[in-house]
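First up is the structure itself, then whatever we jot down about it.
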Amino acid sequence: MAHRPSPAASTALFSDFYELTMAYAYWQHGRHMTPAVFHHSFRQRPFQGGYALAGGLGELIEWLDGLRFTERDVAYLASLTDIGGKPMFAEAFLDFLLASRFECSVDAIPEGTLVFAHEPLARVTGPIWQAQYLESAVLNFLNAGTLFTTKAARICHSADDQPVLEFGMRRAQFMGAALSGARACYIGGSAGTSCMLAGQRYGIPLKGTHAHSWVMFWEDELEAFKRYAEALPSNCLFLVDTYDTLDGVRNAIQVGRWLRSRGHDLLGIRLDSGDLAYFSIEARRLLDEAGFPEAVVTASSDLDEYLIQSLKTQDARIVVWGVGTKLITCYDQPALGGVYKLGAVQEDGRWHHRIKLSEQSIKVSIPGILQVRRFQNARGEYVGDMIYDLERPAPDPWIIDPADPIRRKYLGASHACEDLLIPIYRAGQRVYEVPSLETSRERVRRELSRLHPSYKRLQNPHLYPAGIERELYAYRQSLIAQVKDLGPDLAED
């Protein structure tokens, strides 16, 4: 078979190499079409906070919709050799890849939904070779998206719902991170972005004025503000700290009067250095005394949720927050640490559960075909989540923390519940319409409104009850005992 490179764009090779070597080994043994179930989850609370928000699903769906190996892909794979110089993959296997189509079923938690440690954010069911192959991409999209969305929500919460602008493009690790980050941060609550491509691609409002270099180009700051106002009279929010911050505010006021005489308004000023609390208070005083009470005081300068909270306690008069590096890099936790684990394999028409053990209890997987059920009280507040197995009897209303069996909760007195994993694909066909970003933003607002304030505080948040259904927990313990006592071959039901 001759493999001719194709000009068609393909991202099917967006995966780790070992995913394909395993697929090949399954194929060699004739087991590649064995049905299997995998789950994506994370083990530890991001940012040591009390919650996370699911993200990245929209981008994962975009990738899955286009998943198909091309002639160019298999030509590259045909060029790979083993240490003996022989082709790594048989031609028949490459033909199989070229003819294959996406055929897995995927269930996932919608973007903007509250999620907690150990809960499956996605469940993938399908032929073992393909469900395994999806691992790297699922982790890439959902880990990053969840991290960005959560970080943005934390920052917006600390700002008391005042506008938070995502200004991180220049500090993002690469172009894709800037775009994905802007999208996820907007879902998480940011009011706009500085990145024009993100604005074009996702419809996110664009925000921004000028840099220090604009001021430095002209002979003095007053002239710089005046020239900018002449060019963009309806977009005048001046950066005032190039030389002297309070003199900068006075120059902005002077140009603001000139704008007003021509039927325009001074939008405000931006602080980017120094004592933000002090300068914001003084800037507000100067603006008010000059007759510009509507002009806003905005700030940037390496902000995050902790600094914003501190500025709030100092009575800073900032009402718009520009957040860059600490948001777009998720500075204090740049990776979620999500995992993708095998839960069950189907043989002879029957599901056989699988479990992964570890010397660390937090790394022991949860066997089965898993679903998450969320409970709420009469006030509509969320009171607990149950991880249960769809293949086992009706869930017991008790949950047990998978990392701490002493932590248990009875959820039977709750007034309502819902299952969180919903169908996205069935046998390779998408059955889910990706909601607009506005819809996902509204989901974030609604979700957080149903979470008790003790879970949302930045310092020492209360631990939300999210655990394994009691009978499933007992079954998991029995599998652990079987493996420890009799060997790994018995790690199934």
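Not measured: the values here are computed from a predicted model.
For the atom pair CH2 (Trp63) and OG (Ser15), the distance works out to 6.5 Å, reported to the nearest 0.5 Å. With values rounded to the nearest 0.5 angstrom, Arg31 atom CZ is found 9.0 Å from Tyr26 atom OH. The distance from the CG atom of Leu336 to the CG atom of Leu142 is 9.5 Å, given to the nearest 0.5 Å. Atom-to-atom distance recorded for Thr329:OG1 and Phe148:CZ is 8.0 Å, nearest 0.5 angstrom. Separation of atoms CD1 (Ile204) and CD (Glu438) is listed at 9.5 Å; rounding is to 0.5 Å. Taken to the nearest 0.5 Å, the CZ atom of Phe375 stands 4.0 Å off from the CE atom of Met386.
A side-chain N or O of Ser136 and one of Glu19 form a donor-acceptor pair less than 3.5 Å apart. Asp107 and Tyr432 form no side-chain donor-acceptor contact under 3.5 Å, judged by distance and modelled atom types alone. Under the 3.5 Å distance criterion, with hydrogens and angles disregarded, a donor-acceptor pair is assigned to the side chains of Glu59 and Ser180. Counted by atom type alone, Glu471 and Tyr475 present zero donor-acceptor pairs between their side chains at under 3.5 Å. Side chains of Glu166 and Thr193: a donor on one and an acceptor on the other come within 3.5 Å.
Residue Gln44 places its CD atom among 12 or fewer non-hydrogen atoms of other residues, nucleotides or ligands, all under 6.0 Å distant. In this structure, Phe17 places its CZ atom where more than 12 heavy-atom neighbours from other residues, nucleotides or ligands lie under 6.0 Å away. In Gln28, the CD atom is crowded: over 12 heavy atoms of neighbouring residues, nucleotides or ligands sit closer than 6.0 Å. For Lys326, the NZ atom is densely surrounded, since the number of other residues' heavy atoms within 6.0 Å is greater than 12. Within 6.0 Å of CD on Glu418 lie more than 12 heavy atoms contributed by other residues, nucleotides or ligands.
Under the 6.0 Å cut-off for aromatic ring centres, Trp129 and Phe96 qualify, their centroids lying closer than that. In this structure, Tyr455 has its ring center at least 6.0 angstrom away from the ring center of Tyr51. For Tyr340 and His40, the distance between ring centers is not under 6.0 angstrom. If you look at Phe102 and Tyr425, their ring centroids are closer than 6.0 Å.
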**OP:** Determine, step by step, whether Arg445 and Asp161 satisfy the salt bridge (charged side-chain N to carboxylate O under 4.0 Å, His left out) criterion, reporting the C-alpha distance in whole Å, the side-chain angles of both residues, the deciding distance to 0.1 Å, and the verdict.
**Re:** CA-CA 10 Å; Arg445 288 190 286 268; Asp161 295 323; over 6 Å; no
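The salt bridge (charged side-chain N to carboxylate O under 4.0 Å, His left out) search around Lys363 returns none, not counting sequence neighbours. Shown here are the ring pair (Phe, Tyr, Trp, His ring centres under 6.0 Å) partners of Phe42, two or more places apart in sequence or in another chain: there are none.
Using modelled atom types, no side-chain atom of Thr81 and backbone atom of Lys86 make a donor-acceptor pair closer than 3.5 Å. Checking side-chain atoms of Arg443 against main-chain N and O of Pro110 turns up no donor-acceptor pair under 3.5 Å. Between the Glu111 side chain and the Gly58 main chain, a donor and an acceptor come within less than 3.5 Å of each other. Side-chain atoms of Asn140 do not come within 3.5 Å of backbone N or O of Ala137 as any donor-acceptor pair. Remark: side-chain polar atoms of Asp160 are not paired, donor with acceptor, to backbone N or O of Gln162 under 3.5 angstrom. Of the possible donor and acceptor atoms, one in the side chain of Ser158 sits under 3.5 Å from a partner among the backbone N and O of Ile155. Arg407 places a side-chain N or O within 3.5 Å of a backbone atom of Leu463 that can act as its donor or acceptor partner. Although no hydrogens or angles enter the test, the distance criterion places a donor-acceptor pair under 3.5 Å between the side chain of Gln130 and the main chain of Arg101. In this structure a side-chain-to-backbone donor-acceptor pair under 3.5 Å is missing from Asn377 to Ser414. The closest donor-acceptor contact from the side chain of Tyr24 to the backbone of Ala90 lies under 3.5 Å.
Under 4.0 Å is where a charged nitrogen must lie from a carboxylate oxygen, and between Lys151 and Glu305 at least one such pair does.
The minimum heavy-atom distance linking Ala466 with Phe116 is given by the pair CB-CB, 3.9 Å. In this structure, Leu303 and Val323 approach most closely via the heavy-atom pair O-CG1, 3.3 Å.
Between Arg374 and the options Asp419, Thr113, Asp385, a side chain to side chain donor-acceptor pair (under 3.5 Å) holds for only Asp385. For the salt bridge (Lys or Arg N to Asp or Glu O under 4.0 Å) criterion with Arg470, the lone passing option out of Asp389, Asp401, Asp396 is Asp396.
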